[in-house]
Amino acid sequence: MPSKEYSEVVQAMQAQAASMIEADLTLEQQREAMEAGFAFPLQDDVTLTAVDVNGVPGEWTVLADSDPSRRLLYVHGGGYVLGSINTHRRLVADICRAAGCVALSLDYRLAPEHPYPAAVDDAIAGLEYIWANGPDGGSDAVSVFVGGDSAGGGLMLATLFAARERGVRMPTGGIGLSAWADLAASPEELSAFGLDDPTIPDNTVAITASQGWAAMYAGNADRNDPQLSPVFGDYEGICPLLLQAGSVEMICRDTERVAARARDAGVEVVEEIWDDMFHVWQGFAPMLPEGQEAIDHIGEWIREHA
């Protein structure tokens, strides 16, 4: 049974989604709407520091009791075309608090201005950087985790494949929140899922949007490429994974498929499918108990693997 706060969050999300559908926003307007509507206030004990991450804009998130040698590289969601460091600051800070770690958030390049593999290249630059640099400058990490939500969850998995392929040191662990891991899915495949997600007022509109974002990011590349659609990847030699998804969200099956493939390859996988939860509910932890509980699970998992 969802918490009493659940219905309030769902109603607010339904109203926001409906207004965006009715407005028929341009991509730039969608970006502005996400910047305005997906940012909770930060707590006073959070310190943010901008940094150049091998040519990619980044930002360190540090709390007073954070261990600077325990590091999280975070890549935000937004369909590869929306979102930024700004939209995900509170989520990243909440994970840092639960895990006792510091985090480096990346403003990786967005499509359609910068299609695949721009985001993967930027994430690899971040991974190389974070192993050798902390919030106070050059210092080796004891452990490095890569995390991301939605498209960022797919990018997290793509980064692990690219690290193995390019000879970059593999992270300690990967964390995917509602990972979008199949950009090759057809509208017919997607239409069978997410029908019970209370936050999606129009399943057809959601499918059309995801198809459009996938096309913008993939460009002319084959969407069956595992670094675009990690559901098709070979997980041999990949680091341990923590994967969370909501049972009613349209792309819950992506998480289930990734988890199965990774386990078959001998990877340690913790797969959490949360009853009744919607897409990236963790981002609503300031007002949703289930969001905070999921973040607490992430913190415990990082501490166990650090």
Side-chain angles (χ1 to χ4, degrees), residues 9-10 12-17 19-21 23 25-43 46-51 53 56-63 72-98 102-114 118-119 122-123 126 146-156 159 175-180 199-200 206 209-210 212-213 216-217 244-246 249 251 277-288 291-292 294-295 298:
V9 173
V10 166
M13 292 183 68
Q14 287 174 335
Q16 183 181 39
S19 65
M20 291 181 69
I21 291 170
L25 303 181
T26 65
L27 178 58
E28 191 56 42
Q29 289 171 329
Q30 291 177 49
R31 288 172 173 171
E32 292 172 359
M34 187 166 182
E35 291 287 329
F38 199 73
F40 288 99
L42 279 178
Q43 306 95 322
V46 178
T47 299
L48 304 174
T49 305
V51 63
V53 182
V56 183
E59 183 177 85
W60 283 107
T61 300
V62 180
L63 282 68
L72 169 68
L73 177 68
Y74 198 86
V75 286
H76 65 79
Y80 293 105
V81 303
L82 311 174
S84 68
I85 287 173
N86 302 332
T87 57
H88 285 67
R89 279 198 178 104
R90 178 58 186 265
L91 174 57
V92 171
D94 286 344
I95 294 173
C96 287
R97 189 179 305 279
V102 299
L104 176 60
S105 299
L106 281 187
D107 250 339
Y108 61 87
R109 289 170 291 171
L110 299 179
E113 297 89 343
H114 304 283
D122 289 354
V146 181
D149 62 283
S150 193
L155 180 55
M156 175 276 293
T159 302
I175 302 158
L177 316 182
S178 298
W180 186 27
T199 67
I200 300 179
S210 65
W213 295 339
M216 289 181 198
Y217 179 55
Q244 295 181 335
E249 62 174 300
I251 58 172
M277 289 302 109
F278 48 83
H279 191 57
V280 195
W281 76 97
Q282 302 91 337
F284 294 85
M287 56 193 301
L288 184 66
Q292 184 59 54
I295 286 174
I298 296 168

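- If you take CH2 on Trp60 and CG on Leu72, they are separated by 9.5 Å, rounding to the nearest 0.5 Å.
- Residues His88 and Ser105 form no side-chain contact, since every pair of their non-hydrogen atoms from C-beta on lies 4.5 Å or further apart.
- Formation of a donor-acceptor pair under 3.5 Å by the Tyr108 side chain with backbone atoms of Gly126 is not found in this model.
- Separating the CD1 atom in Ile95 from the CG atom in Leu177 is a distance of 5.5 Å, to the nearest 0.5 Å.
- Considering every non-hydrogen atom in both Gly79 and Ala151, the closest pair reads N-CB, 3.5 Å.
- Considering only residues two or more places apart in sequence or on other chains, Arg97 meets the salt bridge (Lys or Arg N to Asp or Glu O under 4.0 Å) condition with Asp45.
- How far OG1 of Thr199 is from CZ of Phe284: 8.5 Å, rounded to the nearest 0.5 Å.
- Between the CG atom of Leu91 and the CD1 atom of Ile298 there is a distance of 7.0 Å, given to the nearest 0.5 Å.
- Proximity of a side-chain donor or acceptor of Tyr80 to a complementary backbone N or O of Met216 within less than 3.5 Å is not detected.
- Listed by chain and number, the residues in a side-chain contact (heavy atoms from CB on, under 4.5 Å) with Pro57 are Asp107 (sequence neighbours excluded).
- Gly77 and Met34 get closest at one heavy-atom pair: O-CE, 3.9 Å.
- Minimum heavy-atom separation, Pro286 to Arg90: CG-CZ, 3.7 Å.
- The nearest pair of heavy atoms linking Ala119 to Tyr217 is CB-OH, 3.5 Å.
- Between the side chains of His279 and Ser150, a donor-acceptor pair is found at a separation under 3.5 Å.
- Contact annotation: the side chain of Val146 never approaches that of Ile175 to less than 4.5 Å [non-hydrogen atoms, C-beta and beyond].
- Each of His76, Glu35, Arg31 was checked for a side chain to side chain donor-acceptor pair (under 3.5 Å) with Ser84, and the lone residue meeting it is Glu35.
- Using a distance-only test at 3.5 Å, with no hydrogens or angles considered, no donor-acceptor pair links the side chain of Glu59 to the main chain of Ile85.
- In this structure, the side chains of Ser178 and Trp281 come closer than 4.5 Å at one or more pairs of heavy atoms.
- Taking 4.5 Å as the limit, some side-chain heavy atom of Leu27 sits within range of a side-chain heavy atom of Pro112.
- Smallest separation of non-hydrogen atoms from Asp94 and Ala285: OD2-CB, 4.0 Å.
- A 4.5 Å side-chain heavy-atom check between Phe278 and Val9 finds at least one atom pair inside the cut-off.
- A 4.5 Å side-chain heavy-atom check between Val46 and Arg89 finds every atom pair outside the cut-off.
- In this structure, CG in Leu82 is found 5.5 Å from CD in Gln30, a value given to the nearest 0.5 Å.
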**OP:** Show your working on side-chain contact (heavy atoms from CB on, under 4.5 Å) between Tyr74 and Thr61 and close with a plain yes or no.
**Re:** CA-CA 10 Å; Tyr74 198 86; Thr61 300; over 6 Å; no
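- Side chains of Val51 and Leu104 form a contact here, defined as non-hydrogen atoms less than 4.5 Å apart.
- Annotation for Ala123 and Val75: closest pair CB-CG1, 4.5 Å, computed over non-hydrogen atoms.
- With sequence neighbours excluded, no residue forms a salt bridge (Lys or Arg N to Asp or Glu O under 4.0 Å) with Asp149.
- At least one side-chain heavy atom of Leu48 sits less than 4.5 Å from a side-chain heavy atom of Leu42.
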